[in-house]
Visitor: 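Here it is, the structure, as C-alpha cells.
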Amino acid sequence: MAAPILRLRDLTRRFHGPDAPPVLDRLDLTIGAGEFVALLGRSGSGKTTLLRTLAGLDPVTEGEALLPARRAVVFQEPRLLPWKPVWRNVALGLPGAAEAVRQRALAALREVELAHRAGAWPLTLSGGEAQRAGLARALVREPDLLLLDEPFAALDALTRLRMQSLVAELWQAHRPAVLLVTHDVEEALLLADRVLVLAGGRLVQDLAVDLPRPRRRAAPGFDALRIRLLATLGVDEDGHDAARAA
Amino acid sequence: MSGQSLGASLPLRRAPSRPDLGALRLDRARRFVVPVLLILLWQAGAEAGLFSIRLLAPPSAILAAAWQLILSGELLHHLLVSLRRVAIGLAIALGAGVSLGLVAGLSRLGEDALDATLQMLRALPFLALVPLLILWLGIGEATKIALVALGATFPIYLTLFGGIRSVDPKLLEAGRVFGLDRAALIRHVVLPAALPQALVGLRYALGTAWLSLVVGEQINATAGIGYLVMDAREFLRTDIILVGLLVYALLGLGADQLVRVIERRALAWRPSLVGEG
Ligand SMILES: Nc1ncnc2c1ncn2[C@@H]1O[C@H](COP(=O)(O)OP(=O)(O)OP(=O)(O)O)[C@@H](O)[C@H]1O
Ligand SMILES: [Mg+2]
C-alpha cells in the first residue's frame with residue numbers, strides 16, 4: 001500500500017452521553033495515498049457519521065485521527081449556495097487573485113463537462129448538473145482526500161452510470177485518496193480498490209477488489225465479490241433479509 | 001399539474017410562446033372594468049345631484065383640484081416635505097433595524113440582550129406613543145420623523161433576525177468545509193440567505209412608514225400632504241382632501257414597486273424569479 005494518508009485509531013463517536021451505545025465503536029482505519037475506498041453499510045450504521053468526522057465537521061472526542069490537511073467533500077445533496085452563480089460556488093473560499101481563482105473554477109467545470117453552465121444560477125441546474133458542480137467544487141481544491149457521501153443516490157440510473165465513470169476518470173487523472181459512501185454494492189465494486197462494510201460501529205469487512213480496470217459487471221470474479229458483500233450486509237441475492245429468512 | 005393550469009396561476013413573463021397569452025391580457029384588463037365603472041357612476045351621480053358635492057367631490061373636480069395644486073407648485077412643496085419625513089424616518093429605521101437585527105441574529109449574547117425587549121416593545125401599538133412623543137419631542141418635525149422611524153424599525157428588525165436564524169445549516173456546513181471563516185460565512189452564506197425575508201420586512205416597513213406619516217402629519221403640521229388635507233377640511237374642500245388621499249395611495253404603490261424592483265435585482269437567483277430576467 002502507498003504511504004498512508006489517513007489513519008484512525010480507536011475512533012469512537014457517541015451521540016447520547018457517555019453510557020449510550022456508540023455509533024462508531026473503537027474503529028481503526030488506514031487509507032493509502034491515492035487509494036479508492038468504498039464504504040458500505042446499512043442505513044443508520046454510521047457511514048455519514050464517520051465521513052463527517054473525516055471532513056472535520058464533527059470533533060474527534062474519543063480516539064485518534066490523523067487526517068490530511070487538504071480534504072474536500074461532495075454531499076448527498078449538492079449544497080450549492082443558490083445566490084452565487086455556479087462558478088462562484090466552485091471558487092468558494094479559494095485563496096488567490098480573483099482572475100486566477102476564476103480560471104481555476106472554470107477549468108474544474110470543464111473537467112466535469114459543465115463549463116457551459118458556469119454562469120447559471122444553481123437552482124436552474126438539473127440534479128446531475130448540480131452534483132457535477134459539487135464535484136468540481138471539491139476537485140478544484142486538489143484534495144489529498146476526497147469524501148463522497150452517496151453523491152449519486154438521488155440521481156436516475158442513467159445519470160448515475162455517467163457520474164460513476166466521470167468519478168473514475170477524475171480519480172485516474174488526479175489520484176486523490178477517495179472514500180465513497182454508498183448503498184450500492186455494484187457501484188462499490190465498479191469503482192473501489194477496497195470495500196469496507198460498517199456494522200455495529202465497527203468495520204466488519206475489508207475486501208480488496210483485484211479486478212482489472214475499467215471494471216465490468218460481467219468480469220469473472222465480480223459476482224462472487226458481490227455475493228460476499230451482500231452476505232455481510234445480511235441480504236441474500238434476491239434482496240431478502242437473510243437474518244429474518246433464516 | 002398540467003402546464004396550462006400552472007400558466008393561469010403563475011403569470012410568468014416567459015409565457016410568450018403560450019397560446020393563452022391573449023386571454024391572459026384580457027384577464028388583466030377585465031380587472032379594471034369595475035373600478036372604471038364605479039368612477040363613472042360616481043361622476044354621473046354627482047351630476048344628477050344624487051349626493052352633495054360638498055361632502056363628496058366628483059372625479060372631475062378632484063382632477064381639476066389636482067391640476068390647480070400642481071400648477072401652483074403647492075402639491076410639489078407639500079409632497080417634498082412629506083417625502084423628506086419618510087426618507088429620514090426610514091433611514092433611521094433601516095440603521096436601527098439592521099444593526100439590531102445583525103447583533104441579535106449573529107450572536108446569542110446579542111439575542112439575549114435585545115430580543116425579549118424588542119418583542120415586548122413591538123407588542124405596544126406604536127401609534128399609542130404619540131402623546132409621549134409630543135411631550136418629549138414637541139410638535140415639530142422630530143415627532144413626525146420619530147413616529148415613522150419607530151413604526152418601520154420593527155418589521156426590519158424582526159425579518160432580518162428571523163432570516164438570519166433560519167439559514168439552512170447544511171449550507172453553513174458546506175461553507176465551513178470549504179474553508180470559509182466566520183466573517184466569510186456571514187458575508188457569503190448568512191446575509192444572502194436572510195435577504196429575501198429582510199426585503200419582505202422592508203416592504204412592511206414602507207407600509208407602516210406611510211401609515212405613521214398620515215398620523216404624524218395630523219399633529220399640528222404646517223406643511224406636508226397631511227397638512228394639505230387637514231387644511232382643506234377647514235374649508236370643506238373634499239376635492240383637495242381626495243387629492244391628498246390619492247397622493248398617499250400613489251406614494252404607497254410607488255414604494256411597493258421600488259421594493260419589487262430591488263427584489264427582482266437582488267433575488268434574481270430565486271426559482272420564482274428565474275426566467276423573468
Ligand atoms: N446529530 C445526531 N444526533 C443524534 N443522533 C445522530 C446524529 N447523527 C446521527 N445520529 C444517529 O447515528 C446513527 C448513524 O447515523 P448516520 O447518519 O451516520 O447513518 P448512515 O450510515 O449514514 O445512514 P444512511 O445510510 O441512512 O445515510 C443513526 O442511528 C442516527 O440516528
Ligand atoms: Mg448517511
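The sequence lines fix the lettering, A, B, ..., with proteins before strands; numbering per chain opens at 1.
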Visitor: Any side-chain heavy atom of B:W269 within less than 4.5 Å of one from A:T124?
Guide: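 No, side chains not in contact.
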
Visitor: Are side-chain heavy atoms of B:R270 and A:L123 found at a separation under 4.5 Å?
Guide: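 B:R270 vs A:L123: side chains apart.
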
Visitor: Quick one: what part of A:R88 sits under 4.5 Å from any heavy atom of chain B, side chain, backbone, both or neither?
Guide: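 For A:R88, there is no contact with chain B at all, as no heavy atom is under 4.5 Å.
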
Visitor: Please name the pair of heavy atoms, one in B:L171 and one in A:P82, separated by the smallest distance, quoted to 0.1 Å.
Guide: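 Here B:L171 and A:P82 meet closest at CD1-CD, 4.0 Å.
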
Visitor: Using a heavy-atom cutoff of under 4.5 Å, enumerate the residues of residues 180-203 of chain B that contact chain A, numbered in order, or state 'none'.
Guide: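 B:L180, B:H188, B:V189, B:P192, B:A193 fall under the 4.5 Å cut-off.
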
Visitor: Could you grab the distance from atom CZ of A:R79 to atom CZ of B:F178, nearest 0.5 Å is fine?
Guide: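 Nearest 0.5 Å value for the CZ-CZ distance: 9.5 Å.
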
Visitor: For A:R70, I'd like to know if atom CZ has over 12 heavy atoms of other residues, nucleotides or ligands within 6.0 Å.
Guide: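 Counting other residues, nucleotides and ligands, CZ of A:R70 exceeds 12 neighbours.
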
Visitor: If you apply the rule side-chain contact (heavy atoms from CB on, under 4.5 Å), what do you find for B:V177 with A:F75, and how did you get there?
Guide: CA-CA 11 Å; B:V177 162; A:F75 298 96; 4.0 Å; yes

Visitor: With a 4.5 angstrom heavy-atom cut-off, is it the side chain or the backbone of A:L94 that approaches chain B, or both, or neither?
Guide: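 No part of A:L94 comes within 4.5 Å of chain B.
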
Visitor: Can you confirm whether A:R104 is buried at CZ, in the sense that more than 12 heavy atoms of other residues, nucleotides or ligands lie under 6.0 Å from that atom?
Guide: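 Enclosed: over 12 neighbouring heavy atoms sit under 6.0 Å from CZ of A:R104.
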
